[in-house]
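Inspection log for the structure reproduced underneath, given as C-alpha cells.
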Amino acid sequence: MSNPDGAPSALELPPAEADFLAEMIAGLSQRPRLLPYKFFYDEHGSDLFQKICETPEYYVTRTEMKILSEHGPEIGDALGDGLELIGLGTGAGTKTRLLLENLRDPIAYVPVDISTEQLAQSAALFRKQFPNLEVLPVSADYLQPVELPTPEREPKQRVVYFPGSTIGNFEPADALNFLTRIRRVSKSGAGLLIGVDLKKDPAILEAAYNDGAGVTAAFNLNLLVRANRELGADFDLEHWRHRAVFNEKASRIEMQLISQKAQVAHLGDQEFEFDAGEIVTTEYSYKHSREAFTALANQAGFTFQKLWTDDRQLFGVFYFTVAE
C-alpha cells in the first residue's frame, strides 16, 4: 500500500487471520476462558475505542491529553532534541501530535500499530503537519519481534513512547518481560515515555468501563462480531452481555462477556459449550501506584527520571531512561 506521492504508508506484514483463529481457540479452550484483547482493534473496533475516549465516564484519554498539554514543554525538555520517537500502539496519533509539537528538531517518528488502515491515515496526516519529520509507519503487532526501519538521518537518541495505559493490559510478569524487551533493544541513555493508569476509587474505574451509552459494551462484543465475520464462527450475539468489574485484590479491571443462556458456538473445527452465566474474560486492565510501577520499571533495567500527573492523581506519564 502506498500514498499517491509514492511514500510507503505502512510496512505491512502477512495477514494475521491464522493467529486470530489460533489464539481465539486457545483462549476458549482454557479455564478460566480468556480471549486476546489485541484483536479488539479492527477498523470498527478502533472507531469504537475513539468513541469510548469521548464518553464522560472514561477519564483516561482526556486526563492524559491534559497532562501532555499542560506539561508539554517540560516533557520536551526532558526528552531532548534530535530524537527518534518510536510509538507503540499510538492509534490515530492525537497524543503523539501533542508530544511532537513540544520536541526540538525530532528526526523521525516510527509508529507501530496493528490497525493498518488507521496507521496509514495517521501517517499521512503527520507528514503534512510535520514536513521535516521522517514518518516510518510499521503495521505489526508490537507484542511480537518487529524489525524497525532506519531513519535517513542519525538521531541523537531513541525514545519509545507507549501511551494510553496499555501497559495495564499486561499480567505483571508479562509487563516485566515487555519492559525488559524494550530495554534490551534500547541504547544506553535511551528513553521510555509511558502512560500508566493509577490506582483510585473503584467506583470511578467501574464507571469508566461500563459507560451509560453502551459504547464499551459494543467494543467488547465486537470481538465476537469479528470472529463471526472473519473466522466463520457462529456466536449468537443477542445472548452475550458486557460487564466490567474491579478486582481489588489483583488491582485490575476485568472486562467480561457473559453468556446469557446455555449455548454452543463453533470456531474453526472446534465446538465450545457455554453455561448460562459463564464468564469469558476479554481484557485485564491493571492499575498501578507510582511506587509499584517505578519498581517494576527498575526491575526491567530502567532508571526513573520524572512523573507528570493531574491534580486528582488519576493518571501518570512516566519517563525512564536506560541506565548508563
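Values in this document were obtained by computation on a predicted structure and should not be read as measured data. Atom set for the values below is all heavy atoms of this structure, side chains included, hydrogens, waters and symmetry mates excluded.
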Legend entry - Lys NZ or Arg CZ of Arg226 over Phe20 ring: under 6.0 Å, within 45°: yes

Inset, instruction - Flag the pair Arg252 and Glu254 as a salt bridge only when some basic side-chain nitrogen lies within less than 4.0 angstrom of an acidic carboxylate oxygen. - result: yes

Legend entry - Salt-bridge criterion met for Asp77 and Arg104 (N-O under 4.0 Å): yes

Inset, instruction - Measure the CG-NZ distance between Leu223 and Lys38 for me, rounded to the nearest 0.5 Å. - result: 12.0 Å

Quiz: residues 292-299 side-chain donor-acceptor pairs under 3.5 angstrom, not counting sequence neighbours:
{"residue": "Thr294", "atom": "OG1", "partner": "Arg290", "partner atom": "O", "Å": "2.8"}
{"residue": "Asn298", "atom": "ND2", "partner": "Thr294", "partner atom": "O", "Å": "3.4"}
{"residue": "Asn298", "atom": "ND2", "partner": "Phe302", "partner atom": "O", "Å": "2.8"}

Legend entry - Main-chain N/O of Ser289 paired to Lys199 side chain as donor or acceptor, under 3.5 Å: no

Inset, instruction - Would you please indicate if the ring centroids of Tyr59 and Phe315 are separated by under 6.0 Å? - result: no

Inset, instruction - Please determine, by modelled atom types, if Asp234 and Asn228 share a side-chain donor-acceptor pair under 3.5 angstrom. - result: no

Legend entry - Interatomic spacing from CG in Asp310 to CD1 in Ile67 - rounded to 0.5 Å: 5.0 Å

Inset, instruction - Take Arg153 and Glu134 through the salt bridge (charged side-chain N to carboxylate O under 4.0 Å, His left out) test and state the conclusion after the steps. - result: CA-CA 9 Å; Arg153 289 192 291 163; Glu134 187 177 8; over 6 Å; no

Inset, instruction - Without swapping roles, check the side chain of Asp275 against the backbone of Glu278 for a donor-acceptor pair under 3.5 Å. - result: no

Inset, instruction - Check whether any side-chain heavy atom of Gln129 lies under 4.5 Å from a side-chain heavy atom of Arg97, and answer yes or no. - result: yes

Legend entry - Note, Ser139 side chain near Asp113 side chain (heavy atom, < 4.5 Å): no

Inset, instruction - Please work out which of the three classes, parallel, tilted or perpendicular, describes the rings of Trp308 and Tyr319, given edges at 30° and 60°. - result: tilted

Inset, instruction - Kindly indicate whether the side chain of Leu83, heavy atoms from C-beta on, has any atom under 4.5 Å from the side chain of Lys156. - result: no

Legend entry - Of Val322, Thr321, Leu179, the residue whose pairing with Leu192 passes side-chain contact (heavy atoms from CB on, under 4.5 Å): Leu179

Legend entry - Co-membership, hydrophobic cluster, residues Tyr209 and Val245, 4.5 Å side-chain: no

Inset, instruction - Before accepting this row, confirm whether a basic side-chain N of the pair Arg62/Glu54 lies closer than 4.0 Å to the acidic partner's carboxylate O. - result: no

Inset, instruction - Verify side-chain contact (heavy atoms from CB on, under 4.5 Å) between Val225 and Leu237, making sure each step is shown before the conclusion. - result: CA-CA 8 Å; Val225 173; Leu237 303 176; 3.7 Å; yes

Inset, instruction - For the pair Phe274 and Trp240, name the ring-plane relationship: parallel under 30°, tilted 30 to 60°, perpendicular over 60°. - result: perpendicular

Inset, instruction - For the pair Glu206 (side chain) and Phe246 (backbone), establish whether a donor and an acceptor sit closer than 3.5 Å, ignoring hydrogens and angles. - result: yes

Legend entry - Cation-pi check, Arg127 onto Tyr109 ring (under 6.0 Å, within 45° of axis): no

Contacts under 3.5 angstrom, residues 162-175 side chains, donor-acceptor by atom type, not counting sequence neighbours:
{"residue": "Asn169", "atom": "ND2", "partner": "Glu283", "partner atom": "OE2", "Å": "3.2"}
{"residue": "Asn169", "atom": "ND2", "partner": "Tyr284", "partner atom": "O", "Å": "2.8"}
{"residue": "Glu171", "atom": "OE1", "partner": "Tyr286", "partner atom": "OH", "Å": "2.5"}

Legend entry - Beyond-backbone contact of Ile75 with Asn102, side-chain heavy atoms, under 4.5 angstrom: no

Inset, instruction - Determine, using the 4.5 Å side-chain heavy-atom cutoff (strictly less than), whether Ile279 and Phe219 are members of one ILVMFWY cluster. - result: no

Legend entry - Approximate separation, where rounding is to 0.5 Å, of Leu307 CG and His71 NE2: 9.5 Å

Inset, instruction - Please check if the side chain of Gln260 supplies one atom and the backbone of Ile258 the other of a donor-acceptor pair under 3.5 Å. - result: yes

Inset, instruction - Scan side-chain atoms only and decide if Ser285 and Lys287 contain a donor-acceptor pair under the 3.5 Å cut-off. - result: yes

Inset, instruction - Consider only side-chain heavy atoms of I, L, V, M, F, W and Y, link residues closer than 4.5 Å, and tell whether Leu125 and Leu85 are in one cluster. - result: no

Inset, instruction - Using modelled atom types only, decide if a donor and an acceptor are shared between the side chain of Arg33 and the backbone of Val280 within a distance under 3.5 Å. - result: no

Inset, instruction - Answer with yes or no whether the side chains of His239 and Gln263 bring together a donor and an acceptor at under 3.5 Å. - result: no

Inset, instruction - Could you tell me the separation between the NZ atom of Lys306 and the CG atom of Leu79, rounded to the nearest 0.5 Å? - result: 13.0 Å

Legend entry - Sequence neighbours excluded, every pair satisfying salt bridge (charged side-chain N to carboxylate O under 4.0 Å, His left out) that has a member inside residues 208-222: none

Inset, instruction - Ignoring hydrogens and angles, tell me if any N or O in the side chain of Ser122 forms a donor-acceptor pair with the backbone of Leu119 under 3.5 Å. - result: yes

Inset, instruction - Supply the atom-to-atom distance Ile107 CD1 to Gln157 CD, rounded to the nearest 0.5 angstrom. - result: 11.5 Å

Legend entry - Side chain to side chain, Thr61 and Ile52, heavy atoms closer than 4.5 Å: no

Legend entry - Heavy-atom side-chain proximity of Lys95 to Tyr161 below 4.5 angstrom: yes

Legend entry - Heavy-atom check, side chain of Phe40 versus side chain of Asn220, under 4.5 Å: yes

Inset, instruction - If the plane angle is over 60° it's perpendicular, under 30° parallel, otherwise tilted; pick one for Tyr41 and Phe49. - result: perpendicular

Inset, instruction - Check whether any side-chain heavy atom of Asp81 lies under 4.5 Å from a side-chain heavy atom of Leu103, and answer yes or no. - result: no

